[in-house]
Structure formats: structure tokens, C-alpha cells
Number of protein chains: 2
Amino acid sequence: MSSENLELKKAGLKVTLPRIKILSILESAENHHMSAEDVYKTLMEAGDDVGLATVYRVLTQFEAAGLVLRHNFEGGHAVFELASDDHHDHMVCTQTGQVIEFCDPVIEERQRQIAEEHGFEIVDHSLTLYVKPKK
Amino acid sequence: MSSENLELKKAGLKVTLPRIKILSILESAENHHMSAEDVYKTLMEAGDDVGLATVYRVLTQFEAAGLVLRHNFEGGHAVFELASDDHHDHMVCTQTGQVIEFCDPVIEERQRQIAEEHGFEIVDHSLTLYVKPKK
DNA sequence: CTAATTGCAAAAGCTTTGCAGCGCA
DNA sequence: TGCGCTGCAAAGCTTTTGCAATTAG
């Protein structure tokens, strides 16, 4: 059994064709940040008849299961990426749309300290840099 | 002439009742982060007949003029706050919805460095910590 | 006077939901 | 076989837009 199937099982989800295909699309995405629409189009292009509603449902289930992360960058639509063990933040180029991932221990630690100074602990955080190529 | 009117003029916007009222609502908001709907409701409660569409248009114009900032926290709708000289980031309590502002020079500087290391310069950035009260 | 602004209602865009039928276990 | 899953279409939400009437300068 492929690793996709195992991941699905572990998440308590039935191993169905749409789920396998969507997971595999996310795994093989070159820039691994895709909107629901992106996933849907990819399915269509591959001749796989999966409804857009199912794409949304499956992505939401994957998110609940911790398989994918949902990001709300600016622009009205959410983007999804495969969850991996290593946390990272994002840098989005305002000219090209390119998304670069990074992780900075200094920032991570300061965040924890700041929350603590206010009597809180961090549940989650979102850091996105909107950048442009340096002249 | 009140300072609101001056700000509007400076922004190249005609001084109209809806604009004055919306600006004043933002200025006197206790937790100064409001959604378009919040602003609209406040207007209604005050008996001011301003269309929701106008609220959106005015907020968008204010944003373009640099008078307000638009944030896309999680939850599907944008929130607006009066722009002030001092930049800051946000900490949102997941239990109470409370929004705390903070600014950390260490994080700011690291962001700049990270962008530079990748050959970019920062146009804008968004950092939001989702927190819960510490036990 | 004239261009900017507003209100209303309709439309748009993303996402969710109801329901009948299909498919995995 | 049975419950979960899917597809379709319809509905929901936030936000935007078209247009005729109104208003600021």
C-alpha cells in the first residue's frame, strides 16, 4: 500500500479516489502552495472528474487531520500546502507571486517571549513578508 | 475645521458626511479593530443612514490614502484600524478575541535581513500571533 | 455647474451545505 | 450491506460594481 493510503488511514479517512488524487497532487506540486481552484484545475487537466465541492471538503478534512496547512495570504482565497514536520514562514514576491519559505529561530524565540510577557502562550502564528526584488 | 476634515482633505477626498462619520467611528473605537460590518452596525445604531457598500468604498479609499490599515486575520472578513505613525504587529487571543498590539525591533530587523539574504526588500509584512492565556 | 459621491440592488468570488446516489470496508 | 463519500446545484458570506439620484466645492 502506498504511503498516501497510510496517511489517509492514519487520519481516520476512508481511502477514496478523490482523496488519493488530491493528496498526490499536493505532494507533487512544484510550488507547493495551491488554492482549491488550483487543485481542481489540476484534476480536470488530468481528466479526473472530481467536483470542486469535494476538493474543498477534502482539503478541509486534511487540514483538520493535520495533513495540510491552510494559509490566508492576501487576495481573497486560501492556499494549502502539505504539512511537514518543520515549521516555516513565508515570503511572497509582490511582482511575481513567487513564494519562498523560511524559518528563523531568532524570530521564533522572540515571539514566544513576547507572548509570555503578556501572559499568553502561542497557539499558532502567521508571519508573511511581502517583498519585491532588490534593485 | 475639525482635524477629521483636514485629514480627508489632505487625502484628496471630498469632505462628506459618511466619510466624516466613518473616520470618527474608527477614531473612537475602543478596540480599534473593526470590520466593515462593525462600522456599518455602529452607524445604524447611531441612526446614520449609510449604505454598507459606501462603508466598503470609504474604507477602501481610506486604505489607499494611507488613513487606515486593512488586516486579513483568520475568519473570512477583513478588519480595519486607523493608521498611526508607529508600526505594530498583532496578538489575537483565541479564547476571547482580544487583540493586543506589539512591536519588536529584534523581529523587525531580522525580517529585513532575511528578505535581503534572498535578494528582496520588504514592501509590507504581516505578523499575527494566535495565543491563549497561560495557565 | 460638474465631477465626485452615495444608496440600492444586483453581481461577483470563494466556500459551504443539502440531498440523492455511489463506493469503500 | 451500511455508513461514509461524492457530485451537483443551490445557498451563504464578504466584498464589489452599475446606475440614477444627490451633493460638495
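Just so it is clear: chains get the letters A, B, ... in the order the sequence lines come, proteins before strands, and each one is counted from 1.
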So, Arg19(A) versus Thr54(A): side-chain donor-acceptor pair below 3.5 Å or not? no

State whether a side-chain donor-acceptor pair under 3.5 Å links Glu108(B) with His87(B). yes

Within the pair [X] and [N], is there a side-chain N or O less than 4.0 Å away from OP1 or OP2?
{"X": "Arg19(B)", "N": "dT6(C)", "result": "yes"}
{"X": "Ser35(B)", "N": "dT14(D)", "result": "no"}
{"X": "Tyr56(A)", "N": "dT16(C)", "result": "no"}

Side chain to side chain contact (heavy atoms under 4.5 Å, CB included) with Leu43(A): of Asp38(A), Asp49(A), Asp48(A), only one passes, and it is Asp48(A)

Atom pair distance, as rounded to whole Å: [atom1] in [X] and [atom2] in [N]:
{"X": "Leu59(B)", "N": "dT5(C)", "atom1": "CG", "atom2": "C1'", "value": "15 Å"}
{"X": "Leu8(A)", "N": "dG4(D)", "atom1": "CG", "atom2": "P", "value": "17 Å"}
{"X": "Lys21(A)", "N": "dT6(D)", "atom1": "NZ", "atom2": "C1'", "value": "12 Å"}
{"X": "Glu63(A)", "N": "dT15(C)", "atom1": "CD", "atom2": "C1'", "value": "13 Å"}
{"X": "Asn72(B)", "N": "dT14(D)", "atom1": "CG", "atom2": "P", "value": "14 Å"}

Can Glu63(B) and Arg70(B) be counted as an ion pair, charged N to O under 4.0 angstrom? yes

Taking the nucleotide of DNA chain D with the nearest heavy atom to each, does Thr60(B) or Pro18(A) sit closer to the 5' end? Pro18(A)

Result for 5'-nearest mapping on DNA chain D, choosing between Ala78(B) and Leu17(B), is Ala78(B)

Parallel, tilted or perpendicular, judged at 30° and 60°: which one describes the rings of His90(A) and His88(A)? perpendicular

Please figure out whether Gln61(B) or His77(A) has its closest DNA chain C nucleotide nearer the 5' end. Gln61(B)

Show me the protein contacts with nucleotides 17-20 of chain D, counting only N or O atoms at under 3.5 Å.
{"from": "dG18(D)", "atom 1": "O6", "to": "Arg57(B)", "atom 2": "NH1", "distance (Å)": "3.3"}

Glu117(A) side chain near Arg112(A) side chain, heavy-atom distance below 4.5 Å: no

Treating Thr94(B) as the side-chain partner and Val131(B) as the backbone partner, does any N or O pair qualify as donor plus acceptor under 3.5 Å? yes

What nucleotide among dT5(C), dA25(C), dT15(D) has an atom nearest to a side-chain atom of Leu13(B)? dT5(C)

